[in-house]
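Here, residue 1 is the first one in the sequence, and each next residue gets the next number. Heavy atoms only: backbone and side chains are in, while hydrogens, waters and symmetry mates are out.
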Amino acid sequence: MSDRTTISSTTEVDLMQIVALHRLLDFAVSEALAGNVDDSVLEGTVILTRMVGQKVRLVANRVLGSDASFRDD
């Protein structure tokens with residue numbers, strides 16, 4: 001007997017986007033820590049952080065269904 005969970009292709013795409021956004025965020029933070037900091041790197045880091053959070057909430061709402069009560073304030 002298997003408890004394998006299946007996800008929709010839309011959710012799979014969203015998860016892949018989260019991974020890609022996280023890698024970009026990791027790169028931006030690494031650049032900042034290496035001293036390669038300017039306003040565009042910091043701005044990009046903030047934008048990527050927000051995008052990752054939005055995607056995670058979207059996927060969590062989809063996976064958890066009506067039990068999830070995440071809101072953008």
Exercise answer: donor-acceptor pairs, residues 24-32 side-chain atoms, under 3.5 Å, sequence neighbours excluded:
residue	atom	partner	partner atom	Å
S30	OG	D26	O	2.9
E31	OE1	N36	ND2	2.8

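In this structure, the separation between CD on E43 and CD1 on I47 is 4.5 Å, given to the nearest 0.5 Å. Taken from CG in L21 to CZ in R23, the straight-line distance is 11.0 Å, to the nearest 0.5 Å.
Taken together through direct or relayed side-chain contacts under 4.5 Å among Ile, Leu, Val, Met, Phe, Trp and Tyr, L48 and L33 form part of one hydrophobic cluster.
A donor-acceptor distance shorter than 3.5 angstrom exists from the side chain of D38 to the backbone of V41, with no hydrogens or angles considered.
Taking both residues in full, the closest heavy atoms of V52 and H22 are given as CG2-N, 4.1 Å, listed atom of the first, atom of the second, then distance.
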